[in-house]
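First up is the structure itself, then whatever we jot down about it.
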There are 2 protein chains.
Amino acid sequence: MGRRGEHSLAEIKAMALNTAIEIITQQGLAQLSARKVAKQMGYTVGTLYLVFKNFHDLVSQANAMTLDELYRHSLNYSQHAIENKVLQISLGYLQYALDNPNRWRAIFEYQMPEQEQWIPEYAEKVQKLFALVESLLVVQCPSLPSDSVHLTAHALWSGVHGICVLALTGKLQGIELEQVPDLVSLLVNNCLLGLQQQD
Amino acid sequence: MGRRGEHSLAEIKAMALNTAIEIITQQGLAQLSARKVAKQMGYTVGTLYLVFKNFHDLVSQANAMTLDELYRHSLNYSQHAIENKVLQISLGYLQYALDNPNRWRAIFEYQMPEQEQWIPEYAEKVQKLFALVESLLVVQCPSLPSDSVHLTAHALWSGVHGICVLALTGKLQGIELEQVPDLVSLLVNNCLLGLQQQD
DNA sequence: ATCAAAAACTGAACAGTGTTTATTTAATTA
DNA sequence: TAATTAAATAAACACTGTTCAGTTTTTGAT
């Protein structure tokens with residue numbers, strides 16, 4: 001039927017990303033498909049390939065948006081804390097995951113096709129989160145050498161991430177859901193305690 | 001062509017599981033398909049459905065076998081350690097993941113179809129790993145109350161798991177691969193140090 | 001205003017996926 | 001040897017991502 005001109009390509013791209021996020025949120029990443037996105041937008045599949053290189057591109061950009069939200073949410077938690085900001089950002093990270101399980105899992109369970117690359121924004125945004133934790137840690141443990149801060153930030157953050165992963169995939173069967181934040185507190189606080197003892 | 005009688009159904013099932021693990025090991029979970037398994041065995045797809053309920057069933061049982069190997073490997077590491085067994089089992093867990101990335105990722109990145117259940121063995125084996133860590137922790141921290149041991153074991157183990165996840169998915173960009181075991185040591189040792197300080 | 005060119009959009013095709021089922025073939029039993 | 005049972009297949013179904021030849025509409029120039 002040809003050009004309808006109702007939406008610009010930029011608008012179509014935005015619509016597609018929002019629709020994809022909607023489907024991920026409601027039905028999970030596994031239920032996302034190109035045709036489903038297109039149909040829900042009122043277009044056909046081919047149109048998506050005018051604004052995305054391929055399906056991987058669509059998913060990556062949708063996940064990048066989630067990663068942004070996740071970053072802002074975590075940052076917000078740390079900024080509203082007056083002490084132990086490292087713990088607070090960790091709890092903020094967990095809370096976003098618990099509140100948006102499907103979107104959170106989509107970020108970390110998406111299997112990148114062989115031979116494809118991450119979109120640049122994706123790697124940047126992951127890096128930004130680590131950097132944020134590192135900056136909070138350096139304030140909280142001023143006597144720690146910068147090499148140690150770097151390693152510790154990654155260890156701590158990976159640990160918090162691991163708790164989120166296992167909690168969201170139902171693999172923490174011996175732990176009640178309301179105890180999951182306690183796991184984060186336990187890990188972060190004891191690790192920090194151990195660090196300060198070394199000084 | 002009908003019954004060839006070359007293999008019993010039990011043998012066919014074992015062949016399928018071994019073939020699936022082979023494909024996962026070499027090409028990753030994303031490249032696994034029912035037809036590929038069947039073809040590599042010298043059978044057709046339909047035959048697989050004589051011994052598996054569905055594809056989910058096949059993947060689950062293949063992953064359960066990996067989970068067993070992972071458990072034995074981790075147990076072995078802890079048994080050969082004379083002190084700090086909690087750290088050693090953690091490093092053993094990490095090493096298995098680094099040595100068998102595709103099999104390890106298959107366990108944790110497999111998206112269970114909506115409305116399907118884990119096979120019972122699967123949940124049991126995950127539980128067994130947590131229980132093992134908990135039993136080592138209780139020896140290493142005898143003065144810790146049993147409630148705390150339970151929580152701490154899960155927090156610690158999730159932490160170690162998180163490091164494995166991010167390392168294998170290439171999200172620890174600020175860290176060299178040979179430093180990853182250091183991350184595990186840092187997390188585990190500092191957390192244990194913090195715990196002992198609380199006593 | 002008319003016509004050509006460019007851009008937007010579709011629909012159908014392709015190879016692949018998991019799954020089901022009628023059918024064929026071989027081994028077992030009577 | 002004939003009837004029965006079990007093993008295995010081939011083909012179909014609905015779905016997936018991806019491509020591309022056409023069709024339709026808008027735009028730009030005469």
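A, B, ... follow the sequence lines: proteins, then strands. Residue 1 opens every chain. Side chains are part of it too, since the values below use all heavy atoms of this structure and drop only hydrogens, waters and symmetry mates.
Residue Glu116(A) contributes atom CD, which lies 12 Å from atom C1' of dT18(D) at whole-angstrom precision. Across the protein-nucleic acid pair, Leu9(B) atom CG and dA27(C) atom P stand 15 Å apart, rounded to whole Å. Atoms CG (Asp57(A)) and C1' (dT18(D)) sit 14 Å apart, rounded to a whole Å. To the nearest angstrom, P of dT26(D) lies 10 Å from CD of Glu6(A). Protein atom CD of Glu11(B) is 18 Å distant from nucleotide atom P of dA6(D), rounded to whole Å. Between the P atom of dG18(C) and the NZ atom of Lys53(B) lies a distance of 16 Å, rounded to the nearest Å. One interatomic measurement links the two molecules: CG of Leu50(B) to P of dA8(D), which rounds to 7 Å at whole-angstrom precision. The nearest whole Å value for the distance from the CZ atom in Phe52(B) to the C1' atom in dT20(C) is 18 Å.
Of the inter-residue distances, the one linking Leu136(B) atom CG with Gln79(B) atom CD reads 9.5 Å to the nearest 0.5 angstrom. The structure places CG of Asn190(A) at 8.5 Å from CG of Leu156(B), a figure rounded to the nearest 0.5 Å. Atom NE2 of His154(B) and atom CG of Leu137(B) lie 11.5 Å apart (nearest 0.5 Å). Rounding to the nearest 0.5 Å gives a distance of 11.5 Å between OG of Ser185(B) and CD of Gln179(B).
Each of Ile24(B), Ile23(B), Leu29(B) was evaluated against Gln27(B); a single residue qualifies, Ile23(B), per the side chain to side chain contact (heavy atoms under 4.5 Å, CB included) test.
The residue Ile12(A) sits close only to the backbone: its heavy atoms come under 4.0 Å of sugar-phosphate atoms, none of a base. Among the protein residues, Leu58(B) comes within range of no part of the nucleic acid, since none of its heavy atoms lies under 4.0 Å from any strand.
Annotation: proximity of residues 30-43 of chain A to DNA chain C (heavy atom, distance under 4.0 Å) is found for Arg35(A), Tyr43(A), numbered in ascending order.
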Run the side-chain donor-acceptor check on residues 38-55 of chain B: report pairs under 3.5 Å with partners two or more places apart or on a different chain.
| unit_1 | atom_1 | unit_2 | atom_2 | d |
| --- | --- | --- | --- | --- |
| Gln40(B) | NE2 | Glu22(B) | OE2 | 3.4 |
| Tyr43(B) | OH | Arg4(B) | NH2 | 3.4 |
| Tyr43(B) | OH | His7(B) | ND1 | 3.0 |
| Thr47(B) | OG1 | Thr44(B) | O | 3.4 |
| Asn54(B) | OD1 | His56(B) | N | 3.3 |
| Asn54(B) | OD1 | Asp57(B) | N | 2.9 |
| Asn54(B) | ND2 | Glu116(B) | OE2 | 3.1 |

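A close approach under 4.0 Å does occur between a side-chain nitrogen or oxygen of Thr47(A) and OP1 or OP2 of dT10(C).
Of the candidate nucleotides dT10(C), dT20(C), dT19(D), dT20(C) has the atom lying nearest to any side-chain atom of Tyr49(B).
In this structure, the side-chain hydrogen bond (donor to acceptor under 3.5 Å, both in side chains) partners of Gln140(A), at least two apart in sequence or on a different chain, are Asn84(A).
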